[in-house]
Amino acid sequence: MMEAMHFSAIAVEIAIAVLMLIVLLLDLLMKRVGRRILLAYVTELGLVAILWLTVSIYPTDGSIQSFYQGIYSVDAYSIFFKLLFLLGMIFTVFYAAGYVERMVKNAGEFYALLLSALLGMCVLASANDIITLFVGLELMTISFYILVAIQTENPFSTEAGLKYLIFGSGATGALLYGMSLVYGMTGSVFFAEIARSQGLFLGLGIAGMVLMLSGFFFKLSVIPFHLWAPDVYEGAPAPVTALLAMSSKAAGIAILMRVIFAAFPWAASMWVQILAIFACVSMIGGNIMAFRQTNIKRMLAYSSIAQAGYMMCAMAAASATGLRSVLFYATIYLFANIAAFVTVSYLEDQRGGADLYNVRGLAHHSLLPAGFLMVGLLTMAGIPPTGGFIGKFYIFTAAVDAGLLWLAAVGFVVSMMSVYYYLIVIREMFRDPEEGEVMNEHRLRLPFAATVTGLVAVFFALVLGIWAQPLSFLADLTIFQSL
Amino acid sequence: MISFPILSVILLTPLVAGAIIAVLPKRFHETMRQVAALAMIIVLLLVLFLYVDYDTAAGGMQYTEYIPWIADLGVAYSLGIDGISLPLLLLSSAVGLASVFSSWHIEHRTKEYFVLLLILIAGVSGAFLARDLFLFLLLTEMVVVPAYIMVLIWGSSERIPKSEAAMKMTIFLLVGSAFMLVGVILLYVYAFPDGARTFDVTALSMSSVSGNIPYGVQVIAFLLLLVGFGSHLSMFPFHIWSPDGYSAAPTAVSMINAGVLKKIGGYALIRIGFFILPFGAKFWAPVIALLATINVVYASYVALAQKDIKYMISYSSVSHMGYVLLGLAALNVVSVTGAVAYMVAHGIMIALFFSQVGYVYDKTDARSTDDLWGLAHYMPYITTGFMLAGLCALGLPGLIGFIPEFTIFVGSFSQFPVLTVISVFGIIFTAFYVLRMLAKVLFGKRIEKFEGIKDERHADVVPLAVLGVFLVGFGVFPSLLMDTINSGVAPLSPLFDLVKDAPMISLFQGVDIWGGIPK
C-alpha cells in the first residue's frame with residue numbers, strides 16, 4: 001500500500017526553491033541597475049523565515065518524517081545540518097551585502113545561486129538513497145562552480161571556477177562509478193538495503209565503496225584529493241570561499257557520515273582504517289603546507305584541509321561520541337569561518353586582496369576587524385577560551401576512546417604546530433612598524449551588517465568555549481535520536 | 001551554606017580590572033596603571049589572608065567551590081587550595097603585583113599592555129586554583145597568546161629578533177601542551193567508564209589508587225605529561241625556548257613566565273603526575289633525575305659564558321629547575337617538599353632579578369656585562385635588589401633559597417646519590433657566574449657614562465620591596481613556608497609507599513648507579 005506523501009516534510013526545501021524563484025523574478029523585474037541591495041534584504045528575510053520554520057520542525061521526540069517512502073528522511077540529524085547550512089547562509093548574505101554591491105556585477109544570479117546551493121545541501125543532508133544523494137550533491141556543486149567564477153571580469157575567479165569544474169567533474173565521475181558498482185553488487189539504491197546486502201563485500205562492491213568515499217573526500221578536500229582547494233579558495237570571491245570552507249564542507253561531512261553509518265555499517269572495519277589514515281595525512285599535510293602561505297585565503301584553504309582531517313578523526317572513532325563531536329566541531333568551525341571571513345571579504349573589497357601585507361598594522365587603527373580575524377583564527381587553532389579548544393577536546397577524546405591514541409597524538413601535536421601560521425597573521429596585524437617601514441594607515445571600514453555579523457560570530461565562538469553545554473546537549477540529542 | 005567565594009574573587013579580580021581598563025579612554029594611562037595595581041593589591045591581600053587562615057593541621061583542599069560546567073565531559077568549575085598550591089598562589093600574586101609596578105613606565109599602547117598583562121596574571125594564578133583538570137588546562141593554554149603578543153610588541157631584539165623569540169616560545173609551549181593534552185585524555189578515558197567520567201583531580205587520583213588505570217597506561221601517560229610539563233619547566237632538552245623567550249620578553253612577562261608560568265610545569269607534575277599516575281612517575285623517575293642533572297650542570301655551564309645579563313639569568317633559571325626536577329624525581333615526601341618550596345623561592349628570586357635588570361636596561365639601554373660598571377655608586381636600591389637576588393641564587397643561608405635547596409638534596413641523596421652529588425657541584429658554577437657579574441656590574445669602577453643616572457624611586461621600588469620581604473622573610477622563618485607545603489605533600493606519602501618497589505626504567509643495565517646507598 002502506498003504511504004501518503006508528507007509534503008510538510010519537505011516544506012523547508014520547497015520554501016528555499018520558492019525563495020530562489022522570487023529572487024530571480026525580482027531581479028528581472030527591477031529595471032534600475034545598482035539597487036540590487038534589495039535582493040539581499042529579500043533573501044535575508046526569506047532565509048530567516050525558513051530558519052524559523054526549520055527550528056519548528058526539529059523533532060524533540062525522535063520521530064522521523066519521510067518522503068517518498070524513506071528515500072528522503074527528515075530526521076534530527078538532517079535538520080541539525082540544515083540549521084547549520086541556513087545559519088551559514090544567513091550570516092553570509094548579511095555581512096556580504098556590501099561586498100556584493102561593489103564586487104559582484106550580477107547580484108541577482110549571485111543570490112539565486114546561493115539559494116540553489118543551499119537547496120542542494122539540504123537535499124544532501126536528508127538523502128537516504130544514492131540517487132537523491134547524487135541530485136543534492138550535484139545541485140550544490142554546480143551552483144558552486146558558477147559562484148566561484150561569478151566575478152567574470154576577474155581572471156582569477158574565472159580560472160578558479162574552471163579548475164573547480166574540471167577537478168569536480170572528475171570526482172563526480174568517480175562517485176557515480178562507485179555508486180553504479182555498489183548498486184550493481186547490492187541491487188538497491190536504498191542505504192538501508194545496501195547495508196543488508198552481502199554483495200558489498202565482494203571485490204567490485206569494495207571497489208564501489210572506495211570510489212564513493214574518494215568522491216566525498218574530494219568535497220572535503222582531503223589529501224590527496226585537495227589539489228583544487230588552494231587555487232579555488234584564493235580565486236573565488238571571499239564570501240563564496242567562506243561558504244566552501246564551512247557549508248560545502250559540512251554538507252560533505254553530513255553525507256559522508258550518513259553513508260558510512262547507514263549504508264556501510266558492516267564494513268566499518270574497512271573504512272575506519274581508511275578514514276584514520278586519510279585523516280592523519282590531511283592533518284599533517286594541510287598544516288605543513290599552510291606554513292609558507294602569504295595569502296590568507298590560500299592559507300585558510302590548507303587550514304581547511306587540516307580541519308577536515310580533525311573531523312574525520314572523530315568519524316574514524318565510529319561511535320556516538322565521535323559523531324556528536326563532529327556536529328559540535330562543525331558548528332564551532334562555522335562561527336570561526338564567519339568571524340574570519342567578515343574581515344577577509346572587506347580586505348579584498350578595500351585593499352584589493354587578503355595577503356599578509358594587506359593586514360599589516362590592522363590592529364592599530366581597525367581593532368574590530370582585526371579582532372574578528374584573530375578570534376576566527378584562534379578558534380580554528382583551538383586555543384582557549386575559544387570553542388575550538390573544546391571542539392578539539394571532544395574530537396580527540398572520542399578518538400582515544402576508540403583506541404586511536406596515535407591519531408589523537410598526531411592531531412594534537414599538528415594542531416598546536418598550526419598555531420604558527422595563524423600567529424603569523426596575528427603578528428602582522430599587531431606588530432609595530434619596523435624602521436623605515438610604511439604601514440597602510442587607512443581604516444578598514446566594515447558596513448554595519450558586517451560588524452554585527454562579526455560580533456555575533458565572535459560572541460558564539462567565545463561563549464561556546466566557555467559555556468559549551470547547550471550546543472553539546474543539542475548535538476547529543478541529535479545523535480541520540482538519529483541512531 | 002554559601003560562603004564568600006574568595007578563590008573566585010582572586011581568579012576574577014585581574015580579569016575584571018582588565019575589562020575596566022579595556023573600556024577606559026586611551027589617554028588615561030595613569031588610571032589604567034592604578035586600576036591594575038589596585039587589583040593586584042587586593043589579590044595579594046586576599047591570598048595573604050588565605051595563607052594565614054589556611055588550616056595546616058586539617059590539610060587537604062580548603063575554600064572549595066564547585067559549579068558543574070560541562071556535564072557530558074564531567075567538567076566542573078571547581079576551585080580549591082591545599083598546602084602545595086597555596087604557596088605557589090602566594091608566589092603568583094606577589095610576582096603579579098611586582099610585575100604591574102615593573103611596568104609603570106610603559107607609555108606605548110598602554111591599554112593593550114595592561115589588559116594582556118592582567119589576562120596573563122589571571123591565567124597563571126588560576127592554574128594553581130583549579131581543582132578540575134580541564135579548567136587547569138584551559139587556564140594554562142589561555143595565557144600563551146597574550147604572552148606572545150606582549151613579547152611581540154613590547155619586547156626587545158638583542159640576540160635574535162623578538163618576533164622569532166616569541167614564536168619559538170609559543171610553539172614550544174603549545175606543542176608541549178599537545179603532548180600533555182593527549183596524556184590527560186588518556187588517563188581521563190581510562191579512569192572511569194563512559195558516562196561517569198570526571199576531570200576532578202581528587203576523584204581521578206582515587207580511581208587510580210583503586211587500580212582503574214592500568215600500569216602500561218600510567219607509564220605512557222606519564223611520559224606524555226613529562227614532555228608537556230617538561231617544556232613548561234624548561235627541562236632539558238625542551239628548554240631551548242626559554243633563554244631566548246625570557247630575554248626578548250618585556251620585563252613583566254619575563255617575571256611572570258620565569259617566576260610563575262614555569263612553576264606550573266612542576267606543580268602539574270605533582271598534582272597530575274604523582275597523585276594520579278604514581279606508577280608512571282616511579283617508572284620514569286631515573287630519566288627525570290638524569291635530565292635534572294643535565295639541566296643543573298649544562299645550563300649553569302652555559303650561563304658562565306653569557307655576557308647579556310638577561311641570558312645569564314635565563315640560563316640560571318634553567319639550571320635551577322634542575323634542582324626542582326631532582327627533588328621531584330626522588331619521590332619521597334622530604335624531597336618533594338623541598339622541590340615545591342624551591343619553586344616558590346626561585347620564583348621570587350628570579351622575578352626580582354628580572355625586574356632589577358629590566359629597570360637598568362630601561363635606564364641605560366645596556367644589559368651586557370661589557371657595558372655595565374659600578375652601578376653601586378649611583379643606584380643603592382638596584383644594588384640591594386641585585387645582591388638579594390644574586391645571593392639567593394647561589395643559596396646563601398638566611399635567604400629563601402637555602403633551606404629548600406638543602407631539603408631537596410637531603411631527600412634525593414638516598415635515591416640518587418651520584419646524581420645528587422653532581423648537582424650539588426652546580427652551585428659552584430652558579431656562585432662563580434653570579435659573583436663575577438655582581439662584582440663587576442655593581443662594584444666595578446665608576447665610569448663617566450653612568451654619572452647622574454637615576455635610581456629607582458616611588459613605584460619602581462615596589463617590586464624590590466614586595467619580593468624582598470618574601471625573600472628575607474621566608475629565609476629567616478623557613479617554617480612559615482615549609483610547614484604549609486608539608487601539609488600538602490604529606491598525603492602523597494601513602495602513594496610513595498605504594499610504588500616504593502615498583503619497577504623503574506633502567507638506563508644503564510648492570511651498572512647500579514641508581515640504587516640506594518649500599519646497606
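Only the side chain of Val145(B) comes within contact range of chain A, judged by heavy atoms closer than 4.5 Å. In this structure, chain A has a heavy atom under 4.5 Å from the side chain of Ile171(B), while its backbone stays farther away. Only the side chain of Ile383(A) comes within contact range of chain B, judged by heavy atoms closer than 4.5 Å. Both the backbone and the side chain of Met142(B) come within less than 4.5 Å of a heavy atom of chain A.
With contacts defined as side-chain heavy-atom distances shorter than 4.5 Å, the pair Phe412(A)/Val175(B) does not qualify.
Note on Leu138(B), Ile149(B), Val143(B): by heavy-atom pairs under 4.5 Å with chain A, the leading option is Leu138(B). Comparing Val400(A), Val414(A), Ile424(A) by heavy-atom pairs within less than 4.5 Å of chain B, the highest count is held by Val400(A). Interface check for chain A: of the options Leu174(B), Leu73(B), Leu139(B), the most heavy-atom pairs under 4.5 Å are formed by Leu174(B). Contact tally against chain B (heavy-atom pairs below 4.5 Å) for Leu378(A), Ile426(A), Leu367(A), Leu405(A): the top residue is Leu405(A). The most heavy-atom pairs under 4.5 Å with chain A, out of Ala178(B), Gly183(B), Gly176(B), come from Ala178(B).
Counting heavy-atom neighbours within 6.0 Å of Phe460(A) CZ, excluding the residue itself, gives a total of 12 or less. Shown here is Phe473(A), whose CZ atom has no more than 12 heavy atoms of other residues, nucleotides or ligands within 6.0 Å. The number of heavy-atom neighbours closer than 6.0 Å to CZ of Phe291(A), taken from other residues, nucleotides and ligands shown, is above 12.
Partners of Val16(B) under the side chain to side chain contact (heavy atoms under 4.5 Å, CB included) rule, at least two apart in sequence or in another chain, are Ile20(B).
Here the CZ-CG distance, from Phe396(A) to Leu181(B), works out to 10.0 Å after rounding to the nearest 0.5 Å. Note that the CZ atom of Phe430(A) and the CG atom of Leu116(B) stand 7.5 Å from one another [nearest 0.5 Å].
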Between chain B and chain A, which N or O donor and acceptor atoms come closer than 3.5 Å?
unit_1: Trp69(B); atom_1: NE1; unit_2: Ile466(A); atom_2: O; d: 2.4
unit_1: Ala71(B); atom_1: N; unit_2: Gln469(A); atom_2: OE1; d: 2.8
unit_1: Asp72(B); atom_1: OD1; unit_2: Tyr394(A); atom_2: OH; d: 3.0
unit_1: Asp72(B); atom_1: OD2; unit_2: Arg324(A); atom_2: NH1; d: 3.2
unit_1: Asp72(B); atom_1: OD2; unit_2: Tyr394(A); atom_2: OH; d: 3.0
unit_1: His108(B); atom_1: NE2; unit_2: Asp432(A); atom_2: OD1; d: 3.1
unit_1: His108(B); atom_1: NE2; unit_2: Asp432(A); atom_2: OD2; d: 2.8
unit_1: Arg109(B); atom_1: NH1; unit_2: Phe430(A); atom_2: O; d: 2.9
unit_1: Arg109(B); atom_1: NH1; unit_2: Asp432(A); atom_2: OD1; d: 2.9
unit_1: Arg109(B); atom_1: NH2; unit_2: Phe430(A); atom_2: O; d: 3.3
unit_1: Arg197(B); atom_1: NH1; unit_2: Asp401(A); atom_2: OD2; d: 2.8
unit_1: Arg197(B); atom_1: NH2; unit_2: Asp401(A); atom_2: OD1; d: 2.9
unit_1: Arg197(B); atom_1: NH2; unit_2: Asp401(A); atom_2: OD2; d: 3.3

